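So that the names make sense, note that chain A is the first sequence line, chain B the second, and so on, each numbered from 1. Please read all numbers here as calculations on a predicted model, not as lab measurements.
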Number of protein chains: 2
Amino acid sequence: MATIRDVAKRAGVSVATVSRVLNNKGYAHEDTRKLVNDAIKELNYKPNEVARSLYKKKSRLIGLLLPDIRNPFFPELARGVEDEMQEQGLHLIIGNADEKPEKEIDYIQTFKQNNVIGIISATNHAETKLYENLSFPVVLLDRITGSYPSVYADGLDGGKIAAQEMVRRGSKRIALLRGPIELRTAQDRFKGAVDELCDANVDFQVITSSFSFHDAEKMAKTLFEKFPETDGIIASNDLSAAAILHEALRIGRSIPDDLQIIGYDDIPLSKLLFPSLSTIRQPAYDMGREAAKLLMNIINNKPLAQKNIQLPVTFIERQTTRKVEEND
Amino acid sequence: MATIRDVAKRAGVSVATVSRVLNNKGYAHEDTRKLVNDAIKELNYKPNEVARSLYKKKSRLIGLLLPDIRNPFFPELARGVEDEMQEQGLHLIIGNADEKPEKEIDYIQTFKQNNVIGIISATNHAETKLYENLSFPVVLLDRITGSYPSVYADGLDGGKIAAQEMVRRGSKRIALLRGPIELRTAQDRFKGAVDELCDANVDFQVITSSFSFHDAEKMAKTLFEKFPETDGIIASNDLSAAAILHEALRIGRSIPDDLQIIGYDDIPLSKLLFPSLSTIRQPAYDMGREAAKLLMNIINNKPLAQKNIQLPVTFIERQTTRKVEEND
DNA sequence: TTGAAAGCGATACCAG
DNA sequence: CTGGTATCGCTTTCAA
């Protein structure tokens, strides 16, 4: 690999000049500029990011921390972040924390050691001390705590809409899944639904469940054993909803006539389920993009319109809910 | 952040000594060693990977290139790679090439510039020149070309098994999906199936399809329009199979009585479909781990038992295929 | 067994 | 407008 020295020699100038041209900083005569640029092309020179990073204590890397790369919701977020960063000439180190704090610590360490200029985190432990004393900004994605800037979807509204749609379509004995207690986003959608259900003339049960694949199946079985009379289920995410749908069909429930299901997230596979899953859509890709933009604004010291960006959610009507007449 | 100088000062030794202790290289008196280690602990010193990397021209980073992070098969591979690397104290930069060569080039550039010590690639363009002239080893994952070491599952056998099971369970008019022509793995499973079907007393049709989410639905619709009399479908991957299953149920086909479906990959969601999807399982997680091990062996100049590692596939019987008596 | 000093490849200050 | 040079934090000869 050619170095800045090679370029300088070839162009017949000093490394300082090359550096200036490279970074469009300080003066450089038009002619020398051309000389340098030609040399750069001829040698196919690319600056060494490591050397740059060492001096400036800043790389062009962003750390992205995901809680569970197997849940299709997160790759979708990642795509949004990635696309936005790419447009800004930045790159991502994606870390999968796997819901384990040790892994998370380990990744944060790596991020630090590689001079990332910022972190976007969607893990479950951002409230803890892990993120303290960092010399670069942190943006939370799909997560909320008091202290960090964040991008998330409106969980209260999401829960509310889910409950409304469920009631409106006639379910009377509803099971409400409550995601991980420590996740503010999970609790928001839960609360939103609870509030709405309390006001409605329906019975409902609460079942606490994790977000992960592994637990979803067991949870689904238990649900139908304990509450066989349930005629409507508001799931905490699409993964759980898929497991529930599967189990419901297995035991011969008729969907949506006898049992309605509403998921949460709208992961790509939701529409491939059969019947396709009615769900509350979180704009995952856009959330990722917004988080990336927010982080960049912070890094560049741009004034922030708002520190916490909330995106709207929408009800996606598919086939696990019954049709009703529209009366707007 | 404390530097090696701080440690040296605190321990009352030179930076050279600290470095030696740090890397267990060269001599160091037991007492000084302790002195240094104490200082390291007290200051909570972590070596600056960037500086290290600049001097040695080697980082502790591995590049992992994925074609499509939204296809759940790939996160599974990634987990395998990640876990193995983590055990070796290495870290991953995951790049999502999105099936676009520009993105791939861009990531390879980033990998180079950040001194990765190796790349594991699962993209669709490894045959091209992108990977030439790299100063570090490349391992292909779920991909095969002549020139690079690789880890993959036995596609010929996979296709063969799928066809056997399909025929054995009584399908007579089979649609065989053929994945992307340029992917050797896709063609292997296709060929394996074709060979088997040719030998059997059945009709079959070939339909070419991509692996992506987006195209799956359209393809499914077309399939049933063009070949309504089909009674067995061998899909090119689980995503396509899910789309086909969805469409089949939508148009009222009875599964598996009237139509059997066999997928490929065994992504986590396959068992959550209803009926749950019979499929050919590729050991994705293990493939990831093996690829990581292979790469490390190459990096460490260990003798290789084999340059190309083929893992076995298995038929996972679920509910989109009919039961038959076992006669081993 | 230890330390001084020369890099690694870039940036940025300061002098000219 | 341009060039010399110290510097970023670490590793590795080479001498002592």
field: Side-chain ion pair, E87(A) and K293(A), N-O less than 4.0 Å
entry: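 Result for this pair is no, no salt bridge flagged.
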- request: Could you tell me whether E76(B) and R79(B) make a salt bridge, using a distance below 4.0 angstrom between a side-chain N and a carboxylate O?
  value: no
message: Would you say that more than 12 heavy atoms from the other residues, nucleotides or ligands in this model lie under 6.0 Å from the NZ of K307(A), or not?
response: yes
task: Taking only heavy atoms on the protein side, list every residue of residues 7-21 of chain B lying under 4.0 Å from any atom of DNA chain D, sorted numerically.
output: A16(B), S19(B)
How close or far is atom [atom2] of [N] from atom [atom1] of [X], stated in whole angstroms?
X: N23(A); N: dA10(C); atom1: CG; atom2: P; value: 11 Å
X: I4(A); N: dG4(D); atom1: CD1; atom2: C1'; value: 14 Å
X: K58(B); N: dG7(C); atom1: NZ; atom2: P; value: 22 Å
X: Y45(A); N: dG9(C); atom1: OH; atom2: C1'; value: 7 Å
X: N24(A); N: dT11(C); atom1: CG; atom2: C1'; value: 15 Å
X: N114(B); N: dA10(C); atom1: CG; atom2: P; value: 13 Å
X: L22(A); N: dG9(C); atom1: CG; atom2: C1'; value: 12 Å
X: L43(B); N: dG9(D); atom1: CG; atom2: P; value: 14 Å

Is there side-chain contact between [X] and [Y], with at least one heavy-atom pair below 4.5 Å?
X: L64(A); Y: L66(A); answer: yes
X: R60(B); Y: I117(B); answer: no
X: N44(A); Y: K46(A); answer: yes
X: R184(B); Y: Y152(B); answer: no
X: F111(A); Y: L61(A); answer: no
X: L65(B); Y: K103(B); answer: no

- line: Sequence neighbours excluded, the answer for side-chain contact (heavy atoms from CB on, under 4.5 Å) partners of I105(A) is L130(A)
message: Taking side-chain contact (heavy atoms from CB on, under 4.5 Å) as the definition, give me every residue that meets it alongside N133(A), ordered by chain and number, with sequence neighbours left out.
response: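 N133(A) satisfies side-chain contact (heavy atoms from CB on, under 4.5 Å) with no residue once adjacent residues are dropped.
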Side-chain N or O of Y27(A) closer than 4.0 Å to phosphate OP1/OP2 of dG3(D): no
message: For dT11(C) and K25(A) - does any side-chain N or O of the residue sit under 4.0 Å from the phosphate oxygens OP1/OP2?
response: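 It does not, given that no N or O in the side chain of K25(A) lies less than 4.0 Å from OP1 or OP2 of dT11(C).
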query: Over its full length, what angle do the end axes of the helix from dT1(C)-dA16(D) to dG16(C)-dC1(D) make, each axis taken from five pairs and the result rounded to 10 degrees?
result: 50°
Tabulate atom names and distances for all N/O pairs under 3.5 angstrom spanning the protein and nucleotides 6-8 of chain D.
from, atom 1, to, atom 2, distance (Å)
dC8(D), O3', K57(A), NZ, 2.6
dC8(D), O2, Y55(A), N, 3.4

task: Would you jot down, in residue-number order, the residues of residues 29-40 of chain A having a non-hydrogen atom under 4.0 Å from DNA chain C?
output: none
message: If we ignore hydrogens and angles and just use 3.5 Å, is the side chain of R143(B) paired with the main-chain N or O of S150(B) as donor and acceptor?
response: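 Not confirmed, R143(B) side chain does not pair with S150(B) backbone.
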task: Classify the side-chain pair Y131(A)/E104(A) by whether it contains a donor and acceptor separated by less than 3.5 Å.
output: yes
query: Is it true that the side chains of E84(B) and Q88(B) contain a donor and an acceptor less than 3.5 Å apart?
result: yes
